[in-house]
**Student:** 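Mind looking over this structure? Questions follow.
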Amino acid sequence: MQQVKTILLSKSVFEDNDAQAEQLRCDLRKKGTCLVNVMSSPGSGKTTLLVALINALKRDYSIGVMEADIDSDKDAVTVAEKTGVRSIQLHTGGMCHLDAGMTRQGLKELGDGLDLIFLENVGNLVCPAEYDTGATVNMVILSVPEGNDKPLKYPLVFENSELAVISKTDTLPYFSFDMDECRDYIKARNAGASVIAVSAKTGDNMDELVSWFIRKISER
Amino acid sequence: MHELGIVMNVIEQVDRIAADNGAQKVAGITMEIGEVSTIVPELFLDAFNWAKKRTEYLKEAELEMIIIEGRTYCRSCGETYRTTEYGKKCPHCGSAETYLLTGDQVVIKDISAVFEQEEPGG
C-alpha cells in the first residue's frame, strides 16, 4: 500500500546558499580578509583591470585570485604571469555562476593569510547576481563598448554591487556612451554605489580605484 | 543554462528532503516563481524534466509552477502597480522612488511524497 503526503516547505531556493554565504562572510571578517566578487559580461576587461589593480596594490598587501570559468585555466595563468600573486582556477562544471560552497572550497585551496582576494566570477550579468558567494564586497564592471543602458537591462547585478567600475574609457571616442546617463541609471538602482570610470590600458583614473580598495581594506 | 543551475539546486534540496523523511519517491513539486525572478518557466520545466532523471527520488515527479505577479510600491504616492508593465517608474505619479513588493521569489512551496504504508498491525 502506498500513501501520498504533502510536505509543506515554503522555502526559497536560495535559502541554503544564503545561509552558507553569511557564514563564510563572518569567517572572512574574523580572519580580516577582504573577498571581492567581481562580476561582469564576458569581454568587459575583467582580467586586464584586475592585473592593473593587483600590480598597484601588491607591494602593500598580500593578494590572491580565484578565477571562475566554465572551463579552461587561461585567466588564472594570465593573472599569475602578469602579477606574480597566488592564483587558482575554479571550474563551475557547466554552471553559469559560483555559489558559496564552491567559493569556500576555492578559499581553502588558496590558503590563509591574505589581505585581499579577488574572485573573478563567470562572465555573465544574470546568474552571478542571484547567488551570494559570501564575498565581503560585490563589484560589477561595465565596459564602454557594452553601452550605457546595461544597468536598466540587468538591474539586479547593479543593485547588489557597492562598486560599479566603468572600464575601457579609452574607447569613449568611438562609442556613443553617455557617461552621465550611465551614472544616473546605476544610482537609480543603488543610490549608495560608488561609480568609478577607468581605463586599465592607459591607466586613466586608476588612482581613484586603487584608493577605493585601500580604504576598503583598511575598514576590515 | 541559467534555469538549469537553479533546477539542480531545487532537485538536490528536494532529493535530500525526501531521503530525510524516509519517502519512497516524490510524485510532485509545487513551486512559486515570481514574474520578475528572471526565470523563464518553459525553460525551467525543460531543465527540470531533463535533470530529474538523474535523481534518486524525483524520477517521476511532476513540476507545478505558480506564477506570482510582480508588484511594485511607490514611496512617493503610496500606490502599487504591476512591475512588468511599468518597471521602475510609477505610472500614478511618475516617481522612480519605488521598490519591488513581490514577484522575485523562487520558492519550493510543497512536495507530494509517496510513502510505503505499514501493514495493519505490522
Side-chain angles (χ1 to χ4, degrees), chain A residues 1-21 42 68-71 92-102 121-133 149 151-160 181 184-191, chain B residues 1-14 16-18 20-34 36-40 44 47 51 57 66 83 87-89 95-100 104-120 122:
Chain A
M1 272 285 277
Q2 284 188 335
Q3 191 188 15
V4 178
K5 277 188 211 160
T6 302
I7 303 175
L8 291 174
L9 295 168
S10 285
K11 181 173 189 277
S12 167
V13 169
F14 304 113
E15 203 175 288
D16 287 356
N17 185 64
D18 287 350
Q20 281 180 34
D69 270 307
I70 287 171
D71 209 343
T92 60
M95 291 298 172
C96 47
H97 62 268
L98 272 179
D99 61 22
M102 289 187 247
N121 215 316
V122 181
N124 176 336
L125 289 177
V126 182
C127 320
E130 286 181 340
Y131 280 86
D132 190 344
T133 57
D149 57 356
L152 296 180
K153 294 182 177 173
Y154 304 95
L156 190 61
V157 71
F158 289 92
E159 262 164 45
N160 292 347
E181 204 172 66
D184 289 346
Y185 290 156
I186 295 169
K187 293 286 185 185
R189 288 296 157 201
N190 182 354
Chain B
M1 191 157 82
H2 163 62
E3 279 73 10
L4 182 60
I6 297 170
V7 159
M8 298 304 279
N9 204 316
V10 169
I11 60 173
E12 269 169 36
Q13 290 191 36
V14 175
R16 202 169 52 231
I17 290 162
D20 290 349
N21 282 279
Q24 201 183 27
K25 61 181 180 182
V26 174
I29 303 176
T30 313
M31 290 189 64
E32 289 175 346
I33 310 265
V36 288
S37 66
T38 75
I39 283 179
V40 180
F44 196 78
Y57 296 96
I66 302 168
T83 313
K88 188 111 178 109
K89 202 167 170 185
S95 166
E97 290 288 310
T98 59
Y99 64 87
L100 192 68
D104 63 347
Q105 60 268 66
V106 185
V107 169
I108 308 170
K109 191 164 175 277
D110 58 53
I111 64 177
S112 303
V114 179
F115 294 86
E116 193 70 54
Q117 205 171 36
E118 284 175 33
E119 294 299 322

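A, B, ... follow the sequence lines: proteins, then strands. Residue 1 opens every chain.
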**Student:** In Å, rounded to the nearest 0.5 Å, how long is the span from SG of A/C127 to CD of B/E3?
**Tutor:**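 With rounding to 0.5 Å, SG (A/C127) is 8.0 Å from CD (B/E3).
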**Student:** What distance separates B/I108 CD1 from A/I7 CD1, expressed to the nearest 0.5 Å?
**Tutor:**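 Rounded to the nearest 0.5 Å, the CD1-CD1 separation comes to 11.5 Å.
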**Student:** Quick one: does A/E159's side chain get under 4.5 Å of B/L100's, heavy atoms only?
**Tutor:**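 When only atoms from C-beta onward are counted, B/L100 and A/E159 do not touch, as no gap falls below 4.5 Å.
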**Student:** Take B/V106 and A/E130 through the side-chain contact (heavy atoms from CB on, under 4.5 Å) test and state the conclusion after the steps.
**Tutor:** CA-CA 11 Å; B/V106 185; A/E130 286 181 340; over 6 Å; no
**Student:** At a 4.5 Å cut-off on heavy atoms, which part of B/Q105 comes close to chain A: side chain, backbone, both, or neither?
**Tutor:**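 It is neither, since no heavy atom gets under 4.5 Å.
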**Student:** Would you sort out whether B/V114 and A/V4 count as a side-chain contact (heavy atoms from CB on, under 4.5 Å), showing the intermediate values?
**Tutor:** CA-CA 4 Å; B/V114 179; A/V4 178; 4.0 Å; yes
**Student:** Is it the backbone or the side chain of B/N21 that comes under 4.5 Å from a heavy atom of chain A, or both, or neither?
**Tutor:**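 Just its side chain gets close to chain A.
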**Student:** In sequence, state the C-alpha distance, the side-chain angles, and the governing distance for A/K11 and B/Q13, and then conclude on side-chain contact (heavy atoms from CB on, under 4.5 Å).
**Tutor:** CA-CA 10 Å; A/K11 181 173 189 277; B/Q13 290 191 36; 2.7 Å; yes
**Student:** Just do the side-chain contact (heavy atoms from CB on, under 4.5 Å) check on B/T38 and A/Y154 with the steps written out, would you?
**Tutor:** CA-CA 10 Å; B/T38 75; A/Y154 304 95; over 6 Å; no
**Student:** As an exercise: rank A/L152, A/T6, A/L156 by heavy-atom pairs under 4.5 Å with chain B and give me the winner.
**Tutor:**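 Among A/L152, A/T6, A/L156, the one with the most close pairs to chain B is A/T6.
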**Student:** Counting only heavy atoms closer than 4.5 Å, note whether B/T30 contacts chain A via side chain, backbone, both or neither.
**Tutor:**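 The answer is neither part of B/T30.
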**Student:** Given heavy-atom pairs under 4.5 angstrom as the criterion, report whether the side chain, backbone, both or neither of B/E97 touches chain A.
**Tutor:**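 It is neither, since no heavy atom gets under 4.5 Å.
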**Student:** Testing the basics here: between B/Q24 and A/Q2, what is the closest heavy-atom pair and its distance to 0.1 Å?
**Tutor:**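 In terms of heavy atoms, the two residues are closest at OE1-NE2, 2.7 Å.
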**Student:** Starting at CG of A/D99, measure out to CE of B/M8 and round the result to the nearest 0.5 Å.
**Tutor:**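 Between A/D99 CG and B/M8 CE, I get 12.0 Å after rounding to 0.5 Å.
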**Student:** How close do B/N9 and A/V13 get, counting heavy atoms only, and between which atoms?
**Tutor:**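 In terms of heavy atoms, the two residues are closest at OD1-O, 3.7 Å.
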**Student:** Measure B/A113 against the heavy atoms of chain A and call it side chain, backbone, both or neither at under 4.5 Å.
**Tutor:**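 Both parts, backbone and side chain.
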